[in-house]
Amino acid sequence: MLEVAGLSKRYGDVVALSEMTFDVRRGELFGFVGANGAGKTTTMRIIMGVMAADAGEVRWAGAPIDLGVRRRIGYMPEERGLYPRMTVDAQLRYFARLHGLPASDVGAAALLWMVRLGIARRAGDDVLALSLGNQQRVQLAAALVHDPDILVLDEPFSGLDPVAVEVMGTVLSERAQERGSPVLFSSHQLDLVERLCDRVGIVRNGRVVACGTVDELRRRGPARLAIDAPGVGDDWTMQLPGVSVHSRTGTRWVLGLTDDADDQKVLDAALSEGPVREFTRLVPSLAELFRDAVGDGEVGV
Amino acid sequence: MREVHLAPSEAIGLIASREIQARLRSKAFRVITAVLVLAVVGLVLVFHVLGHRTHTATERVGVTAAIAAYQGPLVAAGQTIGQPIVTSVVDRDAGERRVREGSLDALLVPGPAAGLGLVVGSAAPNGLEAIASAVSRQGALNRQVVSLGGDPGAVDRTVAAASVVVQRLEPVDPHRTARIGMSSVVGVLSYIMLLISIQLTGQGVVEEKANRIVELLLATIRPWELLAGKVLGVGVVTIAQVALVAALGVGAAVATGVLHMSVAVVTGVVGWALLWYLLGYFLYALVIAAAASLVSRQEDLASVATPVTVVIIAAYLIGQTIVPANPNGTTATVLSMIPFLSPVLMPMRAAYDVPGWQMAAAAALTLVTIGLTARLAGRVYRRAVLLTGKRVSLRAALAGAG
C-alpha cells in the first residue's frame with residue numbers, strides 16, 4: 001500500500017499542501033481530482049522525491065519510501081520530459097536502464113511498449129519529429145518500460161486522441177488488475193475518472209476533502225429528487241420538512257432532501273395537487289460531486 | 001517487490017555514455033571538430049609555406065659586363081647572412097626586361113660616381129639592397145686602400161679579426177622561435193576548447209531543465225550522480241576531440257618538418273596541454289553546470305556563464321602578453337599558480353621549461369579547487385535544477401534547506 005501521510009508544503013506564504021493524506025491500495029486505480037493549484041502535482045512530486053515536504057511522509061509497505069522503491073515506480077510528470085534529439089527507441093532503453101533494468105532486457109522491453117502503444121513505426125525517429133499525441137505515448141512508454149510495480153501519473157490523459165485514451169485506460173486497468181499495482185493518476189476528465197477508478201480523492205486547497213469509491217461519495221452527497229408534476233402550485237414544497245427546491249425547469253422540479261426527509265411524503269403532496277409524470281431519485285455524476293466538494297468559484301475543470 | 005540495485009558508478013556511467021552518444025550524433029559537434037582540425041592543420045601548412053619562402057628562396061641577380069668582377073663578392077656577402085644568390089652576366093636592356101618579366105630578381109649595374117646601382121621590380125627582395133650596398137662599399141674601400149699604397153687583403157684580414165665575441169650567460173635555446181609558436185598555439189587551443197566544452201556542459205544542463213527531463217531523471221538517480229555523469233561525459237568527448245586535433249596537428253607538423261624539435265619535447269608539451277585541459281575542463285565545467293542550473297532557458301545561459309568565460313579569456317590574454325617575454329619570470333610564475341588561471345597559463349609555460357615542482361604545485365592546487373568546487377556546485381545544482389521558471393538567485397540556491 002502506498003500511503004501519503006500528512007504531507008504539508010508551503011512556498012513562501014502560499015500553502016500548497018496542508019496535511020494531505022490518502023492511500024492507494026494494491027490493485028487499485030486511484031483517481032486524483034481537484035482544481036488547478038489544489039496540490040495534486042506537488043503531492044506527486046513529493047512522492048517521487050523530486051521535492052521535499054515540510055512535514056509528513058510517504059510510505060510504501062509501511063516503511064518510508066526510498067530511492068530503491070522509487071525506481072520501481074513508473075512516473076509521468078506533469079511537464080512532459082523527453083530528450084528532443086534522441087530516438088524513441090534509444091530514449092526508452094535509456095530510461096529502462098536508469099530504472100535498473102539489465103542491459104540484456106531493455107531492447108525487448110522497449111519494443112514491447114512501442115508495439116503496445118502503437119509507436120513502433122517511429123522507433124528510429126527523434127522525439128522532436130513526433131506529433132504531441134505520439135510524444136505523449138512515448139512518455140507513457142517511458143513510465144512503463146521498466147515494468148514498474150507502482151504507477152504515479154500526472155495528467156496521463158491530457159493531449160491524447162480518443163483511441164489513445166482507450167489504450168491508456170486499458171493499460172492502467174490491466175496494470176492494476178493483473179499486476180496488482182497501485183495506480184495513482186490525476187485528471188480533469190471526470191467522466192473518465194468515474195469510469196476507470198476504484199476510488200477517487202477530491203483535493204481542495206492542499207487537502208483531500210472527499211475520498212472513497214464513487215458510490216460512497218454519491219451516498220454521502222445530499223439526496224436529490226426529480227419530479228414532474230404539472231398540477232402543483234409554486235409553493236407546494238413549503239409544508240414539507242427537510243425539502244428544498246434545487247432547480248425548476250417548466251413543470252419539472254429538482255428537490256434537495258435532508259437525511260431525515262421522507263420522499264414518500266413528497267410524492268403524496270404532489271399527487272394531492274395533480275398528476276405526477278416522473279418521480280426519480282437522482283444519482284449525481286462525479287462532476288456534480290466535485291462541484292459540491294470544491295465549492296463555487298474554484299471549478300477549474 | 002523486486003529489489004533494484006543501481007550503483008552510483010552505473011548511474012554515472014549511463015548518464016555519461018548517453019552524453020557521449022548525444023554529442024557524437026550532433027551535427028554541430030561534428031562540424032566544430034572538423035573546423036578545429038582544419039584550422040590547426042591549416043596553420044601548420046601556413047607555417048610550412050612561410051618557412052620555405054624565408055629560408056630557401058634563391059635570389060637571381062643579373063650583373064652587367066662592366067662590373068662582372070662583383071659577382072664573387074656578391075655571392076660571398078649573401079652567404080654570410082644565409083641568403084643564397086646566383087648571378088649571371090647580362091647586358092643592361094636585356095637585364096631590365098628580365099627583371100620586369102620576373103626571370104631575374106634584380107640587376108646590378110654601374111652606379112653614379114664610384115657606387116653601384118640596383119634595378120629591381122617594385123622593391124628589393126630579401127635584403128638584396130643591404131647586400132649590394134655592402135659589396136659596393138667594400139669595392140670603394142679596396143680602391144681607396146690601393147690608392148694609399150696598402151694591401152686590401154691584409155686590411156680585410158685585420159678587420160675580420162676585430163670581430164665581437166659574444167659571451168652568453170645562459171645556454172643558447174636553438175628552439176626559441178618554435179617554443180614561442182607552440183606556446184601560442186597551445187594557448188589558443190586550450191582557450192577555445194575550454195570555451196567549447198563548458199558551453200556544451202551548460203547547454204546540456206539547461207536542456208534537461210528546460211525540457212523537464214530532470215524531473216524524470218531525479219526520480220530515479222541522485223542529483224550528484226546526474227551532475228557527475230554529465231560533466232564526465234562531455235569531458236570524455238571533448239578530451240577525445242582535443243587529442244584528435246593535437247595528434248593531427250603534431251602529425252602535420254612532423255610530416256612537413258615545421259617543428260625542428262625532438263619528438264620528446266613536442267610530446268611533453270602536448271601531454272601537459274592535454275592534462276591541463278582536463279583539469280581546467282573539470283574546474284570550469286562544474287562552475288558552469290551549477291550556474292546553468294539557475295536558469296530555465298537556453299537564452300539565459302550566456303548571462304550566468306559570462307563570469308567564467310571572462311576568466312578564461314583573461315587568462316589567455318595575460319598568457320599571450322607575459323609568457324613569451326619571460327616564461328619563468330615572477331609574474332608568469334605567480335599568475336600561473338592561481339587555480340582558475342593555471343589551466344590556460346601552465347600549458348603555455350610548458351612549451352618552455354617549467355620547474356617540475358611548479359607544475360606539481362599548480363596541479364595539486366587545481367585539484368583541491370576542483371574538489372571544493374564540486375561540493376559547492378553539487379549543492380547549488382541539487383537545489384536549483386528542479387526550480388523552473390524565473391532565474392534562481394545564487395544566494396537562494398546556496399542558502400535553501402535540503
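A, B, ... follow the sequence lines: proteins, then strands. Residue 1 opens every chain. The figures that follow rest on heavy atoms only: side chains count, while hydrogens, waters and symmetry mates do not. Just so it is clear, the model here is predicted, and its values are computed rather than measured.
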Practice problem: Given side chain to side chain contact (heavy atoms under 4.5 Å, CB included), test A:Leu144 with A:Leu151 step by step and report yes or no. | Solution: CA-CA 8 Å; A:Leu144 291 165; A:Leu151 289 181; 3.7 Å; yes
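- Annotation: cation-pi geometry not satisfied between A:Arg199 and A:Phe22 (NZ/CZ under 6.0 angstrom from ring centroid, within 45° of ring axis).
- Residue contact with chain A, scored on non-hydrogen atoms closer than 4.5 Å, is absent for B:Gln21.
- Note: B:Ile15 leads B:Val385, B:Val214, B:Ile15 in heavy-atom pairs under 4.5 Å with chain A.
- Interface remark: A:Ser181 contributes no atoms to any contact with chain B (heavy atom separation under 4.5 Å).
- Using a 4.0 Å cut-off between a side-chain N of Lys or Arg and a carboxylate O of Asp or Glu, A:Glu19 and A:Arg207 do not qualify as a salt bridge.
- A:Arg45 has no carboxylate O lying under 4.0 Å from a charged side-chain N of A:Asp154, or vice versa, which leaves the two without a salt bridge.
- Only the side chain of A:Leu67 comes within less than 4.5 Å of a heavy atom of chain B; its backbone N, CA, C and O stay farther away.
- Between the side chains of B:Ser197 and B:Tyr284, no donor N or O sits under 3.5 Å from an acceptor N or O.
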Exercise. Carefully, step by step, assess A:Met51 and A:Thr42 under the rule side chain to side chain contact (heavy atoms under 4.5 Å, CB included).
Key: CA-CA 8 Å; A:Met51 185 180 279; A:Thr42 302; 3.8 Å; yes
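- Between B:Glu225 and B:Arg222, at least one side-chain N (NZ, or NE/NH1/NH2) sits under 4.0 Å from a carboxylate O, which counts as a salt bridge.
- Contacts between B:Glu215 and chain A at a heavy-atom distance below 4.5 Å involve backbone atoms as well as side-chain atoms.
- In this structure, the portion of A:Phe95 lying under 4.5 Å from any heavy atom of chain B is its side chain and not its backbone.
- Considering only heavy-atom pairs separated by less than 4.5 Å from chain B, the leading option among A:Gly49, A:Pro84, A:Ala61, A:Ala52 is A:Pro84.
- Contacts with chain A were tallied for B:Ile221, B:Leu6, B:Leu218, B:Thr220; B:Thr220 has the most, counting heavy-atom pairs under 4.5 Å.
- For A:Asp66, no part lies under 4.5 angstrom from a heavy atom of chain B.
- The pair B:Glu208-B:Lys230 counts as a salt bridge, with a side-chain nitrogen and a carboxylate oxygen less than 4.0 angstrom apart.
- Using a 4.5 Å cut-off between heavy atoms, A:Tyr75 touches chain B through backbone and side chain atoms alike.
- Using a 4.5 Å cut-off between heavy atoms, A:Gln139 touches chain B through its side chain atoms alone.
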